[in-house]
A.B. asks: 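Below: one structure in structure tokens.
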Amino acid sequence: MLQLYFSPMACSLASRIALMEAGVDARYHQVHLSTKTVVDADSDFRGISSKGAVPVLVLENGERLTECAAVLQYIADLNPERGLAPRPGDADRYRLQEWLSFIGAEIHKAFLFPTFWYKDDGSLAKPRARIAQTLSVPSAHLADREFLIGHSFTVADAYLTWALLLLRTAGVDIAQWPSLSAFSERMQKRPAVREAIATEMALRKMVATA
Ligand SMILES: N[C@@H](CCC(=O)N[C@@H](CS)C(=O)NCC(=O)O)C(=O)O
């Protein structure tokens with residue numbers, strides 16, 4: 001069985017959503033990112049991945065796959081009938097990669113990562129100033145579309161759904177982009193998305209009160 005190393009409400013949430021949307025079972029291992037500990041094994045997470053970051057997907061053959069963009073596409077390809085990624089060879093596969101790269105580099109790493117991991121010593125001013133310009137891109141794109149690519153849910157939508165949830169937590173009011181707000185609400189109506197978020201929010205509360 002596949003195994004996913006995750007931290008509640010971290011970017012690995014997108015992988016959990018993808019697994020659930022794909023109807024693929026996995027064993028989930030929670031990681032404390034600040035201590036780099038695997039909770040169920042009480043072991044050093046860096047023994048699983050030297051990057052020390054989630055998601056890590058352990059494949060059936062024991063290989064470990066990291067990086068949201070790679071993990072999400074791998075999960076999508078496990079069950080192509082669900083249409084979570086355009087098939088390889090389809091021109092839209094590059095659109096998927098385009099969005100995964102944009103969300104990963106321009107929203108996740110450029111804004112969310114420093115916001116949650118760095119002390120605000122003034123160094124966050126520039127990422128904060130830039131985020132509105134960045135968000136105007138998916139906002140304009142989604143003005144007349146239900147999904148980022150084509151006419152159905154893909155793993156890029158899962159990744160953006162996570163990013164929008166965290167943007168709220170980071171103090172960015174996404175209500176100023178009505179198409180992003182509407183997208184976020186639409187995605188959260190999907191049973192798999194709702195269940196994935198509920199599962200991780202419950203785990204997060206347990207961590208907060210532990
Ligand atoms: N480039 C990686 C970034 C993964 C990442 O930054 N994960 C965060 C959680 S959202 C993390 O585990 N951070 C812990 C750390 O970097 O020390 C990817 O796309 O998967």
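Ligands are counted one by one from 1 in listed order, and the atoms in each one are counted from 1 as well.
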A.B. asks: Donor-acceptor pair, Arg93 side chain versus Pro86 backbone, under 3.5 Å?
C.D. replies: yes

A.B. asks: List, one per line, each side-chain donor-acceptor pair under 3.5 Å for residues 169-177, sequence neighbours excluded.
C.D. replies:
residue, atom, partner, partner atom, Å
Thr169, OG1, Leu165, O, 3.1
Asp173, OD1, Ala175, N, 3.0
Gln176, NE2, Asp173, O, 2.8

A.B. asks: Ile75 and Ser15: which non-hydrogen atoms are nearest, and at how many Å?
C.D. replies: CD1-O, 3.7 Å

A.B. asks: Polar pairs, ligand 1 vs protein, N/O only, below 3.5 Å.
C.D. replies:
residue, atom, partner, partner atom, Å
ligand 1, 1 (N), Glu67, OE1, 2.6
ligand 1, 6 (O), Lys109, NZ, 3.1
ligand 1, 7 (N), Val54, O, 2.9
ligand 1, 12 (O), Val54, N, 2.9
ligand 1, 17 (O), Lys36, NZ, 2.5
ligand 1, 19 (O), Glu67, OE1, 3.4
ligand 1, 19 (O), Cys68, N, 3.2
ligand 1, 20 (O), Cys68, N, 2.9

A.B. asks: Check whether any side-chain N or O of Asp157 sits under 3.5 Å from a backbone N or O of Leu148 as a donor-acceptor pair, and report yes or no.
C.D. replies: yes

A.B. asks: Would you say the side-chain atoms of Ser181 and Glu185 include a donor-acceptor pair closer than 3.5 Å?
C.D. replies: no

A.B. asks: Scan side-chain atoms only and decide if His29 and Gln3 contain a donor-acceptor pair under the 3.5 Å cut-off.
C.D. replies: yes

